[in-house]
Amino acid sequence: MGFLLIFLLLFLLLWLLSMAYATWRFATRRGAHPAQPLPQPLPRVSILIAARDEETALPRCLASLRALEYPAELLEILVGDDASTDRTTAVAEAAMQGFAGRFQVIPITENLGEARGKANVLAHLARHATTDYCFITDADIYLPKTWIPALLAQAAPGVGTVTGITAVRGPRWFHQLQGIDWLLSLSLVQVVAEQGRPVTAMGNNMLVTRAAYEATGGYEALPFSVTEDFALFQATVARGFGFRHVFSAEARADSLPMPTWAALLRQRRRWLRGVEALPLRLRLQLLVFSGFWPALAGLGWLAGAGPALAVWSAKVLVQALMAYAGHRRAGLRLRWELLPLFEFYTLALTVSIIGFRLFGGAVVWKGRRYE
């Protein structure tokens, strides 16, 4: 018992120190890449959106694109209608009436190579794109006016992908807890990325250069993955291209939240497929990071509630500092009063994901089943 108690205490201490170190690096922006001057003259860019039954969300996204602080005549906006059963195409065309740039809705009726689902839509859209810079986002995303320059300023020579951040925003507590969760996770990803270690990309807020995309053979040549953004990111890094992560309000995309707990679990189940493809070292680090709750439970059992509550309080404090730094860099206000509730949210989510992973079966996304 004594050895186990010492082990748990050391593990929890190292966990807290690691989190504190990550918070310090993030808050001081250690390793962040400075923005580069924009290419002159400004280049034409393509914006790719995969849409399946998105008649409700898509007009909001397209309205944000029409408000971009980038010359409209230099924008090429392509929407792939992935066999929608609603009015996705009609509402998209109505929302873009009078647009000064190029806009097209492309019906997706066949698969290209290995691609399926969203990856297949993007494979088609990439073939229709006529520029050297492809910006990828989702129909449920609202982009800031500064989106194009914020990502483009990081596309230095040799860089294949640039990833912005995504904030989940909504009126309910459940939505706001998702928002805290996202920004905390992305803050940790930022710390790792700024140390030059590739982790992932965000397929709803991403730039990929034409050179990097074509070097991979495109989505039609990549092994199919339900986390298509991660698969493309991995492929570009494997072919020697660099990457950048931009954590700023200027590069922040706002996403609609998952409406229900079941929908949130389906989203996380899909993301787990990407985690399973991470390098072994990163997977082990994630496993250690997720070991906090079992270790805390063991400490409470061996040493009583007092020491366990003290460690838990230290976790809440360090995590709150990280959350504050993340919200501040993202141009958002942290709701401090939700942090105690966030602890129970993360605990419930962790337990639910484990159960869903063991007994949930195939990934179901956008009405399609992926074994």
Side-chain angles (χ1 to χ4, degrees), residues 45-54 57-58 61 76-86 88-89 92 103-141 160-163 166 198-241 243 266-278 361-371:
V45 301
S46 303
I47 300 173
L48 314 183
I49 307 171
R52 176 174 167 82
D53 293 338
E54 297 286 4
L58 189 55
C61 175
E76 175 181 69
I77 301 176
L78 305 177
V79 174
D81 186 347
D82 188 16
S84 296
T85 59
D86 63 3
T88 290
T89 292
F103 173 75
Q104 185 178 1
V105 178
I106 299 167
I108 308 301
T109 58
E110 61 181 14
N111 289 340
L112 291 176
E114 299 296 318
R116 287 185 289 154
K118 182 181 176 182
N120 181 57
V121 179
L122 293 175
H124 281 274
L125 296 182
R127 288 193 175 189
H128 282 82
T130 61
T131 79
D132 292 330
Y133 299 96
C134 291
F135 288 72
I136 303 174
T137 190
D138 285 346
D140 65 347
I141 294 294
T161 58
V162 182
T163 304
T166 302
V199 183
T200 189
M202 298 287 292
N204 56 19
N205 188 355
M206 179 180 178
L207 178 160
V208 58
T209 66
R210 170 69 60 183
Y213 181 80
E214 291 185 347
T216 70
Y219 276 118
E220 57 268 44
L222 297 178
F224 172 72
S225 171
V226 292
T227 52
E228 80 297 324
D229 46 2
F230 176 67
L232 180 62
F233 174 74
Q234 273 194 318
T236 60
V237 171
R239 284 155 182 81
F241 288 90
F243 60 93
R266 285 194 295 271
Q267 179 194 64
R268 300 306 171 91
R269 175 72 180 92
R270 183 172 67 94
W271 290 357
L272 278 176
R273 290 290 182 89
V275 172
E276 291 165 0
L278 285 172
V363 173
V364 179
W365 194 247
K366 295 292 182 180
R368 291 183 174 129
R369 183 180 179 89
Y370 302 100
E371 297 294 340

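No donor-acceptor pair under 3.5 Å is formed between the side chain of His124 and the backbone N or O of Pro107. Although no hydrogens or angles enter the test, the distance criterion places a donor-acceptor pair under 3.5 Å between the side chain of Arg210 and the main chain of Ala129.
Salt bridge annotation for Asp229-Lys118: absent, with no cationic side-chain nitrogen under 4.0 angstrom from a carboxylate oxygen.
For the atom pair CG (Asn205) and OG1 (Thr166), the distance works out to 5.0 Å, reported to the nearest 0.5 Å. The distance from the CG atom of Asn204 to the OG1 atom of Thr163 is 9.5 Å, given to the nearest 0.5 Å. Taking CG from Leu125 and CD1 from Ile108, the interatomic distance works out to 5.5 Å, rounded to the nearest 0.5 Å. The distance from atom CG of Asp81 to atom CD of Glu54, rounded to the nearest 0.5 Å, is 10.0 Å. Rounding to the nearest 0.5 Å gives a distance of 6.5 Å between CZ of Phe233 and OG1 of Thr200.
What you find for Asp138 and Cys61 is that their closest heavy atoms are O-SG, 3.5 Å.
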message: Evaluate Leu207 against Tyr133 for side chain to side chain contact (heavy atoms under 4.5 Å, CB included), listing each step before the verdict.
response: CA-CA 7 Å; Leu207 178 160; Tyr133 299 96; 4.2 Å; yes

task: List the steps and the verdict of side chain to side chain contact (heavy atoms under 4.5 Å, CB included) for Asn120 and Leu112.
output: CA-CA 6 Å; Asn120 181 57; Leu112 291 176; 3.9 Å; yes

- request: Report the C-alpha separation of Val121 and Tyr219 in whole Å, then their side-chain angles, then the decisive distance to 0.1 Å, and conclude whether the side chain to side chain contact (heavy atoms under 4.5 Å, CB included) test is met.
  value: CA-CA 9 Å; Val121 179; Tyr219 276 118; over 6 Å; no

